[in-house]
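Working notes for the structure below.
Please read these numbers as outputs of a predicted model, since none were measured by experiment.
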Amino acid sequence: MFATRKVLVPLVAAAAVATGLTAAGPVTRAAAAVPTTIPLDFKNNSGRGDQIYVYNIGTLLSTGQQGWADANGTFHAWPVGGNPPTPAPDASIAGPANGQTMTLRMPKFSGRVYFSYGQKLVFKLTTGGLVQPAVQNPSDPNANILFNWTEYTLNDAGLWLNSTQVDMFSAPYAVGVKNTSGAVKNTGHLKAGGYAGVFNALRAQPGGWAGLVRTRSDGTILRALSPGHGIESGALPGTVMDDYINRVWTKYATSTLTVTPFADQPATKYYGRVSGNVMNFTNGSGTVVTTFQKPDADSVFGCHKLLDAPNDQVRGPISRTLCAGYNRSTLLTNSSQPDTSSAGFYQDSVTNHYARTIHAQMADGKAYAFAFDDVGAHESLVNDSNPQTAYITLDPFS
């Protein structure tokens, strides 16, 4: 199990999103269409002299086993862990020097590619599986290491590869894919000055947002925690979204919130009204289909707990839509959701300033700044059903 992360970015579901959500994921194709492994070109344009360490970890889709892949794409299963956790085998791959590129092989995984600067990451194994870095925990053995990761799924239907900020914003990088026709897609690059721009904006934002920034004793900026992790670690007040949530609750006590969760099913609509401490959603026949308790900031930022989104066709899609509306602060300005036009995002003074700041500094405006940032296709994701080569590029910090 991936023991430390509360929300995993829904890679396959994200690929199917256009304006809102679609009812199903990608269509499975013949197993022979996508090779067992594909090359990953890992390029170091960071401008730094640190030794880079690369890790490819995840679940092997053919067997469900958890483990890591070496540079050749060969799978190695994790051994049984212990309690207390035991050290995991060294899965690191020595990465390229600044200005250089190395080619790895990616197996059919659902997992992550980690990379660290100057030090190897510490992974441990419990009886339940791999313990991954917990960026919100100052006692985590990786707390003072500069690192980041991308998430991907490679299966018989293709490749989904994203640059994620769901847990933190840290060392800059971009992702890409080239298909068998030679067409290339990429995303994740920051604007010029964007790396410092994110940290500077958070530090200048009133209300405790500066507390998300983590700096090493030598002055190196390591990361900005996501606001959910900020609340968990005490770096951000748990009341930071209360005013907006209260205003939403007041508005929909006397008016109706209409949610049309599937872009390809415009006739499927649900209607939300607040009654006391709950928001009830009914279908077109007036039957209550699901109910949400009044959320708190942690539930909003994490898209979990009081805004849980099960993998079903009713509550999950409604919750995803609500989560996006809360984080982007569009629920008061548009009673028909999802609101997919970025022009109206983050306009309220009470909003997810972490997500707002990151999107503002991305070259293409796309980011995965919260778990359901894919509502309306605003996520930093590349996908292709015929992948030939994947790309990860470490970008300059300046």
Specify the closest pair of heavy atoms between V375 and A324, including all atoms of both residues, with the distance to one decimal.
CB-CB, 3.9 Å

Check for me whether the distance between the ring centres of Y195 and F397 falls short of 6.0 Å.
yes

Check salt bridge (Lys or Arg N to Asp or Glu O under 4.0 Å) between D243 and all other residues, then give those that pass, not counting sequence neighbours.
R247

Backbone N or O of V300 within a donor-acceptor pair of the H304 side chain at under 3.5 Å?
no

Among Y114, F115, Y173, which residue meets the ring-ring contact (aromatic ring centres under 6.0 Å, His included) test with W149?
Y114

Lys NZ or Arg CZ of R356 over F345 ring: under 6.0 Å, within 45°:
no

Do we see a donor-acceptor contact under 3.5 Å between the side chains of T101 and D41?
no

Could you report the tightest heavy-atom contact between T126 and P85, atom names first, then the distance?
CG2-CG, 3.6 Å

Side chains of K294 and N246: is there a donor and an acceptor less than 3.5 Å apart?
yes

Expected output: side-chain S329 to main-chain V350 donor-acceptor under 3.5 Å
yes

Is the distance from the ring center of F42 to that of Y391 below 6.0 Å?
no

If you take all heavy atoms of A171 and N148, which pair is closest and at what distance?
O-ND2, 2.8 Å

Output the distance between atom CD1 (I392) and atom OG1 (T150), rounded to the nearest 0.5 Å.
5.0 Å

Compute the centroid of each ring, for H378 and then for Y368, and state whether the two points are separated by less than 6.0 Å.
no

Donor-acceptor contact below 3.5 Å, side chain T164 vs main chain V166
yes

Are Y346 and F372 linked, directly or through intermediate hydrophobic residues, by side-chain heavy-atom contacts shorter than 4.5 Å (ILVMFWY only)?
yes

Steps toward side-chain contact (heavy atoms from CB on, under 4.5 Å) verdict (V135, F147)
CA-CA 10 Å; V135 295; F147 71 97; 3.7 Å; yes

Minimum heavy-atom distance between F292 and D308, given as atom pair plus value
CE2-O, 4.3 Å

Please answer whether the main-chain N or O of P295 pairs with a side-chain N or O of S299 as donor and acceptor at a distance below 3.5 Å.
no

Any donor-acceptor pair under 3.5 Å linking the side chain of T220 with the backbone of L222?
no

Intermediate values then yes/no, side-chain contact (heavy atoms from CB on, under 4.5 Å), F262 and Q313
CA-CA 9 Å; F262 302 119; Q313 294 297 300; 3.5 Å; yes

Polar side-chain atom of D339 near backbone of S341 as donor-acceptor pair, under 3.5 Å:
yes

Are R216 and D218 close enough for a salt bridge, meaning some N to O gap below 4.0 Å?
yes

Determine the minimum heavy-atom distance between S226 and L212, stating which atoms define it.
O-CD2, 3.9 Å

Donor + acceptor pair across side chains of S92, D90 (<3.5 Å):
yes

Only one of T37, T36, N56, D70 forms a side chain to side chain donor-acceptor pair (under 3.5 Å) with R105, so which one is it?
T37

Which distance, rounded to the nearest 0.5 Å, do you find between the CG of L159 and the NZ of K108?
11.5 Å

Count I, L, V, M, F, W, Y as connected when their side-chain heavy atoms are under 4.5 Å apart, and connections chain through other members. Are L146 and I221 then in the same cluster?
yes

For residues T74 and N72, is any side-chain donor paired with an opposing acceptor at under 3.5 Å?
no

Could you check whether S336 and T258, counting side-chain N and O atoms only, form a donor-acceptor pair closer than 3.5 Å?
no

Should D167 and H229 be marked as a side-chain contact (heavy atoms from CB on, under 4.5 Å) after you check the CA-CA gap, both sets of side-chain angles, and the distance that decides it?
CA-CA 7 Å; D167 288 285; H229 285 328; 2.6 Å; yes

Please determine, by modelled atom types, if T256 and R273 share a side-chain donor-acceptor pair under 3.5 angstrom.
yes

Does the ring-ring contact (aromatic ring centres under 6.0 Å, His included) test come out yes or no for Y55 and F123, once each step is laid out?
CA-CA 10 Å; Y55 304 78; F123 292 101; 5.3 Å; yes

Assigning hydrophobic clusters by single linkage (Ile, Leu, Val, Met, Phe, Trp, Tyr; side-chain heavy-atom cutoff under 4.5 Å), is W249 placed with L332?
yes

Would you check, one step at a time, whether the test side-chain hydrogen bond (donor to acceptor under 3.5 Å, both in side chains) holds for T153 with N155?
CA-CA 6 Å; T153 294; N155 61 22; 5.9 Å; no

Using side-chain contact (heavy atoms from CB on, under 4.5 Å), reason through N186 and V175 one step at a time and then give a plain yes or no.
CA-CA 6 Å; N186 63 77; V175 296; over 6 Å; no

Check for a donor-acceptor pair, side chain of R223 on one end and backbone N or O of F169 on the other, with a separation under 3.5 Å.
no

Is there a path of hydrophobic side-chain contacts, each under 4.5 Å between heavy atoms, that joins V113 and V122?
no

d(Y326 OH, I245 CD1) to nearest 0.5 Å is 6.0 Å

Indicate if W68 and M102 have the same hydrophobic cluster label, given that clusters are the connected sets of ILVMFWY residues with side-chain heavy-atom separations under 4.5 angstrom.
yes

Any chance you could lay out the side-chain hydrogen bond (donor to acceptor under 3.5 Å, both in side chains) test for D348 and T351, step after step, and finish with the verdict?
CA-CA 6 Å; D348 199 281; T351 193; over 6 Å; no

Can we say D373 and K366 salt-bridge, meaning some charged N sits less than 4.0 Å from an Asp/Glu carboxylate O?
no

Name each donor-acceptor pair under 3.5 Å that joins a side chain in residues 176-184 to protein atoms two or more places apart or in another chain, with its distance.
| residue | atom | partner | partner atom | Å |
| --- | --- | --- | --- | --- |
| N179 | OD1 | S181 | N | 2.9 |
| N179 | OD1 | G182 | N | 3.1 |
| N179 | OD1 | A183 | N | 3.0 |
| N179 | ND2 | D384 | OD2 | 3.2 |

Can you find a side-chain donor-acceptor pair between N83 and T127 that sits under 3.5 Å?
no

Gap between atom CG of L121 and atom OG of S116 - 0.5 Å precision
4.0 Å

Please round to the nearest 0.5 Å and tell me the distance separating atom OG1 of T357 and atom CG of L202.
5.0 Å

Nearest 0.5 Å, what's the CD-OG1 distance between Q337 and T321?
7.5 Å

Any donor-acceptor pair under 3.5 Å linking the side chain of K185 with the backbone of N383?
yes

Does atom CG (N277) have a neighbourhood of more than 12 heavy atoms from anything else shown, all under 6.0 Å?
yes

Looking at D374 and R320, is there a salt bridge between them, counting it only when a charged N and a carboxylate O are closer than 4.0 Å?
yes

Under the 6.0 Å and 45° cation-pi test, does R328 pair with F370?
no

Using atom types as modelled and distance alone, determine if a side-chain donor or acceptor of S380 lies under 3.5 Å from a backbone N or O of S163.
yes

In terms of side-chain heavy atoms, does D364 have a donor or acceptor partner in H189 at a distance below 3.5 Å?
no

Check for a donor-acceptor pair, side chain of N142 on one end and backbone N or O of I145 on the other, with a separation under 3.5 Å.
no

Looking only at heavy atoms, what is the nearest atom pair of D156 and V34, with distance?
O-CG2, 3.5 Å

